[in-house]
Amino acid sequence: MAILSKSNVPQFSVDVYQNEYLPEGGREVNAIVTVTATGGGTIGSAVTAPHLFSPGEGPSAAVVLMVDCSGSMDYPPTKMRNARDATAAAIDTLRDGVHFAVVGGTHVAKEVYPGGGGLAVAGDATREEARQALRKLSAGGGTAIGTWLGLADRLLASADVAIRHGILLTDGRNEHESPEDLRAALDACAGRFTCDARGVGTDWEVKEVTGIASALLGTADIVADPARLAADFTRMMETAMGKEVADVSLRLWTPVGTTVRFVKQVAPTVEELTGRRSESGPRAGDYPLGSWGDESRDYHVCVEVPPAGIGREMLAARVSLVIPQPGGEVRNLGAQGLVRAVWTDDMAASTSINPQVAHYTGQAELAEVIQEGLELRKEGKMDGATAKLGRAVQLASASGNADTAKLLAKVVDVVDAATGTVRLKAKVEEADEMTLETRSTKTVRVKK
């Protein structure tokens, strides 16, 4: 087992924000749980593997870049060139010692570099070899993203490392395999590696790309102008290189008679976690949070407790952070938060909504009404689309989500943001609509 010095171990903390007061008979308890990781590196889930690294080097990691090489990448021809340049830029950003590979994706997945079913180790020589191999990338064939993910999974599994990460680029729809095949591939890869997904241009399907990122606990975005791919890939790789601990889970324990209604990430993006629960003992369940660097994220936990009378109080839930280990063991990260319920006849106390809970409830609604409004617009149901997108403008304005407000303004003419009065624009650029849909789940943090 590797022995870690204090400087190698990241420090996790948990803070709980809630109004614990309920009226007599009240049952629903809401809390925002802020998880923060600061400092150090870790060997994460591979805690028993013989990996040692000096302070400042970072944890062992492997990355596979999956590049769309389907025929549509040749229209215009600059798109393929931009993809090659972006992949080269990402490889240049790799930390020395990181394992990596490049996969070319069409209706089949092919190893571009290094080949032979394995990974290269980043250094001056291998980076140059990879750049040379990228020059051979050409466009031709279909799109079957599940096969790309499957090959990436096999390559990443060949390395005994702590952090496993994928970066996926596509410019088109997944037309050469069924949705069920892609879903099966995502199910097989979930929990084995994280993956960021990018759509380049405007001919891809937003729900496919965001669905990949969601299933694999990564990020999704649009790069409408292929010329901006290199900058985006560099940022993605820099973020990946900053990850210090893998496979963190939020463990939620609740007492007898208490039901977990939902658990969702609410910052920096909205991500539903409820259905991803895995049971971890009596009345406890684990929710996967993916890989972490120096960062902070917020989660909304809602539980239903047994009703009680005035003056009663109870522990509604206990939150802790763990890393699952082989054989069913866990590594406890030493951070814990408590969610409480207290029944009172003080109406002011029991009806007050905690500011963090109110803010993120609004942010979750904002993401939902944007997606609903855009879907109604596509269906030609303009009155419904106007109402939903008007509500989105109102929520974005009230919460200070300026980035989303700017994206909405490219789809609707805002008459009065405070009341959500808008008019649908007669003509909307496809890239603007896709950008709004792709980034609809991005939130702003509440001012605490």
Side-chain angles (χ1 to χ4, degrees), residues 63-95 98 100-106 109-113 122 127-143 145 148-149 151-152 165-174 194-213 216 218-242 269 403 407 429-439 442:
V63 181
V64 172
L65 296 108
M66 294 161 272
V67 184
D68 193 335
C69 295
S70 61
S72 56
M73 286 291 287
D74 238 355
Y75 300 96
T78 52
K79 194 190 293 181
M80 191 75 241
R81 185 177 73 241
N82 289 138
R84 286 193 293 266
D85 291 346
T87 306
I91 290 169
D92 286 342
T93 312
L94 286 168
R95 187 175 62 243
V98 170
F100 76 101
V102 180
V103 167
T106 59
K110 295 182 179 178
E111 296 178 52
V112 175
Y113 181 82
R127 289 191 193 92
E128 178 56 31
E129 289 172 0
R131 283 191 289 268
Q132 295 297 329
L134 289 173
R135 294 177 182 176
K136 301 174 185 176
L137 285 182
S138 59
T143 305
I145 294 174
W148 314 356
L149 294 166
L151 177 54
H165 191 76
I167 290 177
L168 185 148
L169 172 71
T170 184
D171 83 322
R173 293 170 174 82
N174 197 45
T194 55
C195 184
D196 295 322
R198 295 294 184 266
V200 59
T202 57
D203 293 329
W204 48 280
E205 181 63 46
V206 171
K207 287 182 174 59
E208 282 181 353
V209 170
T210 56
I212 291 165
L216 302 182
T219 65
D221 207 349
I222 179 174
V223 186
D225 181 358
R228 297 181 179 176
L229 274 175
D232 186 77
F233 267 44
T234 299
R235 283 192 299 271
M236 268 195 294
M237 190 62 81
E238 287 172 346
T239 300
M241 292 299 94
T269 59
D403 288 343
L407 295 176
E429 294 293 332
E430 189 172 16
D432 291 334
E433 185 173 359
M434 291 178 70
T435 301
L436 175 60
E437 184 177 1
T438 305
R439 298 179 184 172
K442 294 192 177 199

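- A search for side-chain hydrogen bond (donor to acceptor under 3.5 Å, both in side chains) contacts involving E129 returns Y113, not counting sequence neighbours.
- Listed for the E437 side chain is no donor-acceptor partner under 3.5 Å among the backbone atoms of V206.
- Between the side chain of D68 and the main chain of D171, a donor-acceptor pair closer than 3.5 Å is present.
- Atoms NE2 and CG, on H165 and L216 in that order, are 10.0 Å from each other to the nearest 0.5 Å.
- With sequence neighbours left out, T143 forms a side-chain hydrogen bond (donor to acceptor under 3.5 Å, both in side chains) with no residue at all.
- Here I91 contributes atom CD1 and T234 contributes atom OG1; the two are 11.0 Å apart, rounded to the nearest 0.5 Å.
- Of the possible donor and acceptor atoms, one in the side chain of N174 sits under 3.5 Å from a partner among the backbone N and O of I145.
- Nearest heavy atoms, S70 versus A139: O-CB, 3.3 Å.
- The list of salt bridge (charged side-chain N to carboxylate O under 4.0 Å, His left out) pairs with a residue in residues 194-204, not counting sequence neighbours, reads R198-D232.
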>> Show, in sequence, the C-alpha distance, side-chain angles and deciding distance for V67 and V112, and conclude whether the side chain to side chain contact (heavy atoms under 4.5 Å, CB included) test is met.
In response: CA-CA 10 Å; V67 184; V112 175; over 6 Å; no
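- A distance of 12.0 Å separates CG in L436 from CG in D403, rounded to the nearest 0.5 Å.
- In terms of the side-chain hydrogen bond (donor to acceptor under 3.5 Å, both in side chains) criterion, E238 has no residue partners (sequence neighbours excluded).
- Pairing each heavy atom of S72 with each of K79, the nearest pair is O-NZ, 3.6 Å.
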> Step by step, would you call L149 with M66 a side chain to side chain contact (heavy atoms under 4.5 Å, CB included)?
Replying inline: CA-CA 8 Å; L149 294 166; M66 294 161 272; 4.0 Å; yes
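- The side-chain heavy atoms of M241 and V63, taken from C-beta on, include a pair separated by under 4.5 Å.
- Summarising the geometry of A130 relative to F100, their closest heavy-atom pair is CB-CE1, 3.8 Å, with the distance given to 0.1 Å.
- Using modelled atom types, one side-chain atom of W148 and one backbone atom of T106 make a donor-acceptor pair closer than 3.5 Å.
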>> Checking M73 against S138 for the side chain to side chain contact (heavy atoms under 4.5 Å, CB included) test, could you report, in this order, the C-alpha distance in whole Å, the side-chain angles of both residues, the deciding distance, and whether it holds?
In response: CA-CA 8 Å; M73 286 291 287; S138 59; over 6 Å; no
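- The two residues D221 and T438 come nearest to each other via the heavy atoms CA-CG2, 3.5 Å.
- Here the closest non-hydrogen pair linking E208 and G172 is OE1-O, 4.4 Å.
- Contact check for I222 versus W204: side-chain heavy atoms found under the 4.5 Å cut-off.
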>> Could you go through V209 and T170, starting from their C-alpha distance and side-chain angles, then the distance that decides it, and tell me whether this counts as side chain to side chain contact (heavy atoms under 4.5 Å, CB included)?
In response: CA-CA 8 Å; V209 170; T170 184; 3.8 Å; yes
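- Closest of all the heavy-atom pairs between M237 and L94 is SD-CD2, 3.7 Å.
- For the salt bridge (Lys or Arg N to Asp or Glu O under 4.0 Å) test, residues two or more places apart in sequence or in another chain that qualify with E205 are R173.
- Every residue meeting the side-chain hydrogen bond (donor to acceptor under 3.5 Å, both in side chains) condition with R131, not counting sequence neighbours, appears here in chain and number order: D92, E128.
- One distance of note links CG of D85 with CE of M80; it measures 10.0 Å at 0.5 Å rounding.
- Between the CD1 atom in I212 and the NZ atom in K207 there is a gap of 14.0 Å [rounded to 0.5 Å].
- The line from CG of L137 to NZ of K110 is 11.0 Å long, rounded to the nearest 0.5 Å.
- The number of heavy atoms from other shown groups lying within 6.0 Å of CD (Q132) is above 12.
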